[in-house]
Amino acid sequence: MALAKRIIPCLDCDRGRVVKGVQFVNIRDAGDPVEVSRRYGDAGADEITFLDITASHEDRATTVDTVRAIAGQVFIPLTVGGGIRTLEDIRTMLNAGADKVSINTAAVQNPEFVREAAERFGSQCIVVAVDAKRVSAGDEPLRWEIFTHGGRKPTGLEVIEWVGRMVRYGAGEILLTSMDRDGTRNGFDLELKRAVSEAVNVPIIASGGVGNLDHLADGVLLGAADAVLAASIFHFGEYTIREAKAHMSARGIEVRLD
Amino acid sequence: MNQVAVIDYGMGNLHSVAKAIEHVGTDLASESGQSTEVVITSDPARIAAADRVVFPGVGAIRDCMAEIDRLDVGAIVASAMKKKPVLAICVGMQALMAHSEENGGVECLGLLSGRVKFFGEDLRDENDTRLKVPHMGWNRVAQTLDHPLWRGVPDNSRFYFVHSYYVTMSETDQVAGRSVYGEKIVAAISAGNIFATQFHPEKSQHAGLALLRNFLTWNGACD
């Protein structure tokens, strides 16, 4: 009897459509994020993360409508990330039905924003997303740095120190993506996950690199993650959420099966 | 018409709970013909006129209590609980207690006798494994008494929690559900017309929606 480790499918959306493409078994082109979220909810997902990659500010109204529609149909926690820069952005998303917002670049540009957001809305809805890249050479002690702009722009910020600071400022959860692994399907950077998870007392969501179900289980058992996030392995019907949970359960991880 | 007032005192996300109730209300209407209307309001007259009241809450207790006091929500809840079913959720449940340790100690409404305590910086399970705080995610709830709101909800179902402070109470006959997270915590309370949950039924999918649906047909005090 313990808290279940969470499995979180992630939807990357542009102007109201899932862009990485989603295809459930026997169902083609499910690019509608509301439909996709509903299916993941039915399949046993523990939360949904909606990542808005819409470039232009004008098109963001669509995102709010989409979030509102998802929240009206899917009764599990919903995190919205991408372009969250002001307290007003947070309020808009929470009012649309998001339970948490994920702050990434804006935290790097202005760390005080995280403090203000947590004070105003409570830590429980403030997720800080961290894009980390390994920067230590082979024989050096392991070291990771924060990168922005999809991993292209170094910031000079050391990850463990940065995450500790974000938690002190009120982050209630850390979404930790390894930019070295993202999209590789080679599995999480487990040393990174464990180092961060052990350094702070808030839950860590492991992200970046999942290619099979053992990777998810490894994230929890070896990376000490509290939740695992994946996109492509679920989107193309390669594995269902249920299969992922059954696999994690078989490896001794407590998951929500009911 | 079954009217549900969700008390709005400016703290956080009331839309999730309103939407979840509307959702189960639609199901109920197709079966029984009884329709449900949800209003989000801080107007005492509208809350007094409603058939049922939901007292939600998220965020820090000091800020919640400040707004509760400013809008005299305590009196509204105290009045409602004498006459009709009231569902308090998360910080809403905590606000009903006498006192919370959060924010250096905050006096709460004292409508129930429990106290709200911090999980602590070094919370551990029975195997001495460190537990993260907040308690965030799906945990099991053991039903410790029969209640109409548990109808159709399997015992030990998982519900979604997110909180760093938890309720303890000495009046154990009011405890309707328990969970374990390092400490044995009060997950649900039944006291006359009040049912209170530490977890978020509106985010707990099937089990949570079943509980909300039961709330819509519950006529209050069951003891």
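To find a chain, count down the sequence lines: A is the first, B the second, and so on, and within it residues start at 1.
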- Message: Does Lys19(B), at its NZ atom, have more than 12 non-hydrogen atoms belonging to other residues, nucleotides or ligands within less than 6.0 Å?
- Response: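 Result for NZ/Lys19(B): enclosed.
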
- Neighbour count above 12 (heavy atom, 6.0 Å) for Arg46(B) CZ: no

Can you tell if the side chain of [X] reaches within under 4.5 Å of the side chain of [Y], non-hydrogen atoms only?
{"X": "Trp138(B)", "Y": "Leu3(A)", "result": "no"}
{"X": "Pro203(A)", "Y": "Pro134(B)", "result": "yes"}
{"X": "Val58(B)", "Y": "Cys125(A)", "result": "no"}
{"X": "Asn201(A)", "Y": "Arg130(B)", "result": "yes"}
{"X": "Arg256(A)", "Y": "Arg140(B)", "result": "no"}

- Query: Is it the side chain or the backbone of Ala98(A) that comes within 4.5 Å of chain B heavy atoms, both, or neither?
  - Reply: backbone

- Task: Could you look at Ser123(A) and say if it's the side chain, the backbone, both or neither that has a heavy atom under 4.5 Å from chain B?
- Result: neither

Roughly how far, to the nearest 0.5 Å, is the [atom2] atom of [Y] from the [atom1] atom of [X]?
{"X": "Leu257(A)", "Y": "Arg158(B)", "atom1": "CG", "atom2": "CZ", "result": "7.5 Å"}
{"X": "Ser16(B)", "Y": "Ile76(A)", "atom1": "OG", "atom2": "CD1", "result": "12.0 Å"}
{"X": "Asp63(B)", "Y": "Arg120(A)", "atom1": "CG", "atom2": "CZ", "result": "7.5 Å"}

- Who passes salt bridge (charged side-chain N to carboxylate O under 4.0 Å, His left out) against Asp65(A), sequence neighbours left out?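 Expected list: Arg68(A).
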
- Task: With sequence neighbours excluded, tell me which residues meet salt bridge (charged side-chain N to carboxylate O under 4.0 Å, His left out) with Asp173(B).
- Result: none

- Item | For chain A, the option from Ser164(B), Ala20(B), Ala60(B), Pro154(B) that forms the most heavy-atom pairs under 4.5 Å | Ala20(B)

- Based on non-hydrogen pairs under 4.5 Å, which of Ser197(A), Ala96(A), Ala224(A) is most in contact with chain B?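 Looking at each option in turn, the highest pair count goes to Ser197(A).
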
- Note on the structure: Looking only at Asp226(A), Val74(A), Ile204(A), most heavy-atom pairs under 4.5 Å shared with chain B are made by Asp226(A)

- Query: Counting a contact as any heavy-atom pair under 4.5 Å apart, which residues of residues 200-217 of chain B contact chain A?
  - Reply: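 Within residues 200-217 of chain B, the residues that come under 4.5 Å of chain A (heavy atoms only) are Glu202(B), Lys203(B), Ser204(B), Gln205(B), Leu209(B).
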
- Query: Taking only residues two or more places apart in sequence, or in another chain, which ones meet Asp52(A) in a side-chain hydrogen bond (donor to acceptor under 3.5 Å, both in side chains)?
  - Reply: Thr54(A), Arg60(A), Thr63(A)

- Atom group of Glu22(B) that falls short of 4.5 Å from chain A, counting heavy atoms: neither

- Query: What part of Leu131(B) gets closer than 4.5 Å to chain A, counting heavy atoms only: side chain, backbone, both or neither?
  - Reply: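 The backbone, not the side chain.
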
- Test: Lys132(B) and Glu173(A) ion pair at under 4.0 Å: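 Not counted as a salt bridge, because no side-chain N and carboxylate O are separated by less than 4.0 Å.
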
